[in-house]
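Data first, discussion second: the structure below is written as structure tokens.
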Amino acid sequence: MKALWKKMTVALTAMFLLMPMAAFAAGGGGAGIVIVADTRKLTGVMAWWSNLYNESHLYFTLLTIVIIPTVGVIFGVLADIVMHFVGIDLKHRDLAEH
């Protein structure tokens, strides 16, 4: 039974690894895919963001990596301020588990 599982695993692995080659063998190679954002009806920041995506995926990626944590920190600070004004104090709380 162990030998059967080993053969099945090897066969499935080979099938998944060789599947792209079988697809390309059918027609002389695949054409490159061009992925762009449609900017015809966009204005302002959305148009700038889409144009940045179309022009340079690297700059788009780096800017996204910088913006997401920054916005997270801003939202976290704003939530802390709102909770302070509402009366929720998370800095000096008693643990209910003890």
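Keep in mind it's a predicted model, so treat the numbers as computed, not measured.
- N51 is listed as a side-chain neighbour of E55, based on a closest heavy-atom distance under 4.5 Å.
- Atom OG1 of T70 and atom CD1 of I65 lie 11.5 Å apart (nearest 0.5 Å).
- The neighbour count for M83 CE, taken as heavy atoms of other residues, nucleotides or ligands under 6.0 Å away, is above 12.
- Side-chain contact check for L4 versus M1: some heavy-atom pair is nearer than 4.5 Å.
- More than 12 heavy atoms of other residues, nucleotides or ligands shown are found within 6.0 angstrom of NE2 on H57.
- Test I68, T61, V66 against T64 for side-chain contact (heavy atoms from CB on, under 4.5 Å) and you get one pass: I68.
- Counting only heavy atoms from C-beta outward, the side chains of F60 and N54 never approach each other to under 4.5 Å.
- With rounding to the nearest 0.5 Å, the separation of NZ in K7 from NZ in K2 is 15.0 Å.
- Looking only at side-chain heavy atoms (C-beta outward), I67 and W49 come within less than 4.5 Å of each other.
- In the hydrophobic cluster analysis, where Ile, Leu, Val, Met, Phe, Trp and Tyr join through side-chain heavy atoms closer than 4.5 angstrom, L63 is grouped together with I35.
- In the hydrophobic clustering of this structure, Y53 groups with V71; members are Ile, Leu, Val, Met, Phe, Trp, Tyr whose side-chain heavy atoms approach within less than 4.5 Å, directly or through other members.
- One hydrophobic cluster holds both V73 and I81 under the rule that ILVMFWY side chains link at heavy-atom gaps under 4.5 Å.
- The nearest pair of heavy atoms linking L42 to A47 is O-CB, 3.6 Å.
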